[in-house]
Each structure stands twice: as C-alpha cells, then as structure tokens.
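Only one structure is covered here, and it is reproduced in the block below.
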There are 2 protein chains.
Amino acid sequence: MTDKDNSVNLKSDGAKAAGAYHHGDLRAAVIAAGLARLQSGDDGELGLRALARDVGVSATALYRHFPDKEALLDALADEGLRRLGALQAQAWLKAGGGIAGFKATGAAYVRFAHDEPALFRLSFTRQMPDRKEGGDGGEVAYNLLRAGVGEALPGVKDPDVAALHAWSLVHGLAMLILDRRIDWDEALVDRVVGLTFGGVD
Amino acid sequence: MTDKDNSVNLKSDGAKAAGAYHHGDLRAAVIAAGLARLQSGDDGELGLRALARDVGVSATALYRHFPDKEALLDALADEGLRRLGALQAQAWLKAGGGIAGFKATGAAYVRFAHDEPALFRLSFTRQMPDRKEGGDGGEVAYNLLRAGVGEALPGVKDPDVAALHAWSLVHGLAMLILDRRIDWDEALVDRVVGLTFGGVD
DNA sequence: GTCATATGTTGTCACTGTAAACATAACGAG
DNA sequence: CTCGTTATGTTTACAGTGACAACATATGAC
C-alpha cells in the first residue's frame with residue numbers, strides 16, 4: 001500500500017514524516033526535483049529516468065512511491081494548485097480584502113501562470129477523476145474565489161454566475177498568455193481584470 | 001521541399017490538388033485520419049504508427065509530408081482553428097449580427113470546445129512560433145472578435161481591452177469545462193457569456 | 001538475533017519518434 | 001517510346017520511454 005497517502009507533505013509537522021528508509025524521503029525529493037525541473041526551462045522535460053537521476057536513484061525506484069507516472073504528475077499538479085492558492089491568499093491579505101483584494105487575487109492568478117508556466121499548465125491541464133479523496137490542492141483557491149465574490153460584490157444577483165465569470169476570465173487570460181496568443185503585459189492584465197472584478201466600465 | 005505548402009487544403013479548388021503520386025493525397029488523408037481520431041474517444045491516441053495504419057501506409061511515409069510529428073500536430077491544430085472560425089461566423093450570421101450575434105459567437109466558441117475537446121485542446125495548447133507564415137487558421141476567429149467588439153459595443157472606451165476581456169472569458173470557460181473543473185451546462189454558459197458580451201448586469 | 005516488510009537495483013519488454021538505405025512510380029526531355 | 005530525375009513509399013534499425021518481474025538490501029518489531 002505505497003500509494004495510500006497521496007498528499008505531498010513537503011513540510012511535515014515535525015514528525016519526521018512517514019517513510020525514511022533508504023533515501024530519507026524519496027517521495028518529497030522526487031516532487032521537489034520535478035518542481036525544479038518545471039521551473040527551469042520552458043520545455044519542462046520530465047521523464048522518469050531523468051527525474052530519478054536528479055535524485056540519485058534508479059528509475060524504477062519511483063514505482064515504490066507512485067503507482068505510475070500519471071500519479072507522479074498528479075502530485076506535482078496538486079502542489080502547483082497549493083502554491084497558487086497560497087499566493088492568492090497572500091495577495092488578498094496584502095490588499096486588505098474587499099474589491100481591491102478581489103482584484104489582487106485575480107491578478108495573482110494570472111501572474112502565477114506567467115511566472116511558472118509549466119507548473120500552471122500541468123496543474124490545470126490534468127483531467128480530474130470524479131472526486132479525488134486525498135489532496136485537493138485547489139480548495140484554498142476556490143474558497144477564496146467564493147469568499148471574494150461574496151465580500152467584493154455583495155449585491156450581485158447570482159453569485160454562482162459571477163464567480164464562474166471571474167474565474168473564467170483570469171483562467172482564460174492566463175492560458176492565452178501561456179500559449180503565446182497574447183503577450184505578457186502586466187498593465188493590460190490589470191485593466192482587463194479590473195473590468196470585471198472592479199465592476200468599472 | 002516537401003514542407004513548403006503548410007496549409008491543409010482538404011477541399012481544394014477543383015485543381016486536383018498538388019501531389020497525387022502513389023497514394024492520392026497522403027497529406028490530406030493523414031490529417032483527416034487525425035481529425036477522426038481526435039473526435040472519437042476522449043483520450044485521442046495519435047501516434048505516427050497508428051495514424052499511418054489508419055491510412056494504410058507505412059509509418060515513415062509520413063515524413064515525406066511533414067518534417068516531424070510536431071508539424072503534423074501543427075497542421076491538425078490549424079484545421080481546428082479554421083473550423084472554430086467557421087462555426088463562429090455561422091453563429092454570427094444566424095443571430096443577425098449586433099449584440100445578439102456577438103453573444104452567439106462567444107457561445108459557439110465554448111460549444112466547440114465542448115463538442116470537440118481533443119481538437120480544441122490541441123489547437124490552443126500549442127506554442128506559437130514567432131510568426132508562422134503559411135496557415136494561420138485562427139485569423140477568421142480573431143477578425144470576428146474585433147468586428148464583434150466594434151459593432152456590438154460601439155461606445156466602449158478601449159476596444160483592445162474589451163476584446164481581450166471577451167476572448168479571455170470564453171477561452172477560460174472552455175478550458176475549465178475541458179479540464180472538468182466545471183460541468184457542462186449550456187444555460188449556465190449562456191448566462192456567463194451574456195454577463196460580459198451583452199453588457200447585462 | 002530473526003524475520004517480515006518496505007525500499008532500491010538490474011534486466012528486460014513493448015512501444016515510440018526518427019533516421020538511413022533501398023525500392024518504385026510518375027513526369028519531362030531526348 | 002526510352003531514359004533518367006525526382007517525388008513518394010518501405011524496410012530495417014536505433015535510441016529513448018514507461019513499466020513489469022526478479023532479485024537485493026536496509027529497517028524496525030519481536
């Protein structure tokens with residue numbers, strides 16, 4: 001039952017984490033190597049052999065911690081969502097909440113996609129299986145979105161539609177930038193985001 | 001110079017097309033087979049060998065028509081963009097232009113993504129090289145977008161921002177549906193699209 | 001210490017994209 | 001028509017991939 005706990009747990013709560021036999025904590029090391037590989041170089045070459053070599057271990061050793069490559073990518077994607085959520089929460093707090101905070105979370109979403117294109121793409125381009133039990137890293141981001149809609153646009157008729165609208169806007173903007181359909185222009189992004197998030201016409 | 005003309009040209013203008021030696025028109029046949037494979041089955045298994053077998057030809061024969069697999073996928077992506085543009089133009093005309101037409105093009109964009117998920121993803125998830133000379137299939141769609149902004153929202157302050165806003169919205173909505181972040185709900189899509197495209201609050 | 005088990009290694013297999021060498025069919029020139 | 005040039009397609013082969021089976025080793029419980 002190696003694949004029971006599917007959470008990343010990069011920074012465990014002092015308990016020395018679970019499983020530290022030969023390597024220390026291979027699972028976390030592999031994920032860290034994967035993230036490093038995703039950050040440096042836009043191509044993002046992550047194969048099992050290369051990844052294992054980064055950690056200094058044989059390729060098939062990874063199969064003791066992930067059932068297959070897809071599971072490894074899932075873990076990386078989950079970590080990406082977790083980081084995105086953290087950045088958005090930070091932006092929200094820094095702006096002091098309210099409408100300004102809501103706009104800041106939207107801008108942070110797009111900026112994250114621009115700063116870590118490979119990780120962002122991996123995180124979202126992954127088909128979600130019905131309901132994954134452990135490790136839904138996007139939870140923070142989604143809760144922030146709903147909270148932002150509620151606080152920033154209190155009088156809106158349909159919060160569901162408004163939330164989906166806001167999410168679609170920033171997600172589409174991020175994707176179009178990632179795929180080079182449009183150029184990265186922070187000021188332009190702010191204006192586009194403000195068009196919906198701020199309610200300004 | 002096999003890779004000079006990079007356009008699809010599935011339906012040539014009667015001139016029997018260029019190049020019909022052994023097979024008839026392998027290039028078009030391969031692209032047709034690829035599109036068929038993208039439509040049936042969400043996984044979208046397209047490898048050179050499988051694709052060649054569909055056409056009844058050896059795998060390496062494809063290299064006489066495409067420099068590598070990437071070029072083949074580029075051609076498929078371009079055909080996808082062309083079809084999307086055609087559907088949007090059709091929706092625009094059917095709605096009679098104006099604001100209603102603009103909304104219709106947005107809805108058609110999302111509907112296309114839902115109807116042909118693999119083709120849509122392939123078409124947009126492809127990195128654009130600086131400026132591709134031949135075969136920019138997305139031209140129709142983009143021109144429609146700008147025209148729609150101009151006609152449907154004549155008094156808008158900044159057409160560039162408004163166009164990008166509209167594009168981002170439908171693109172993000174499409175992507176979120178494709179990646180199963182949200183469920184397909186045509187009525188919901190219409191309302192979200194109308195929120196921006198129609199100017200309704 | 002003994003042993004069950006978690007972890008890591010070696011060897012191998014089917015598969016992939018792709019290149020080189022070879023074969024064939026179409027067309028133009030004489 | 002014949003001949004050679006060129007466009008097209010085939011065979012073979014090679015390096016790389018994800019994944020499995022068999023084997024080896026370290027760890028912790030008893």
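Just so we're on the same page: letters track the sequence lines, and every chain starts at 1. Note that this is a predicted model, so its numbers are computed, not measured.
The residue among Ala50(A) and Thr60(B) whose nearest nucleotide of DNA chain D is located toward the 5' end is Thr60(B). Mapped onto DNA chain C by nearest heavy atom, Asp68(B) and Ser58(A) fall at different nucleotides, with Ser58(A) at the one closer to the 5' end. Nearest-nucleotide assignment on DNA chain C puts the 5′-proximal partner with Ala61(A), out of Lys69(B) and Ala61(A).
When the P atom of dG17(C) is taken as reference, atom CD of Glu45(A) falls 15 Å away, rounded to whole Å. Rounded to a whole Å, the CZ atom of Arg49(B) is 6 Å from the P atom of dT16(C). Regarding Phe66(A), its CZ atom lies at a distance of 14 Å from the P atom of dG18(D), rounded to whole Å. When the C1' atom of dT11(D) is taken as reference, atom OH of Tyr63(B) falls 15 Å away, rounded to whole Å. Rounded to whole angstrom, the span from the CG atom of Leu26(B) across to the P atom of dT10(D) amounts to 8 Å. Note: CZ (Arg64(B)) to C1' (dT10(D)) measures 10 Å, nearest angstrom. For Arg53(A) and dT9(C), the CZ to P distance is 14 Å, given to the nearest whole Å. Here dC14(D) presents its P atom at 20 Å from CG of Leu48(B), a figure rounded to the nearest Å.
In this model, the phosphate group of dA6(C) is not approached by any side-chain N or O of His65(A) to a distance below 4.0 Å at OP1 or OP2.
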| query | What's the verdict on side chain to side chain contact (heavy atoms under 4.5 Å, CB included) for Leu169(B) and Leu195(B), showing C-alpha distance, side-chain angles and the deciding distance? | reply | CA-CA 10 Å; Leu169(B) 178 71; Leu195(B) 208 59; over 6 Å; no
| Full working for side chain to side chain donor-acceptor pair (under 3.5 Å) between Trp167(B) and Tyr142(B) | CA-CA 9 Å; Trp167(B) 191 10; Tyr142(B) 190 70; over 6 Å; no
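Here the side chain of Asn143(B) pairs no donor or acceptor atom with the backbone of Arg146(B) at under 3.5 angstrom. Side-chain atoms of Asp68(B) come within 3.5 Å of backbone atoms of Ala71(B) as a donor-acceptor pair (strictly under, hydrogens ignored).
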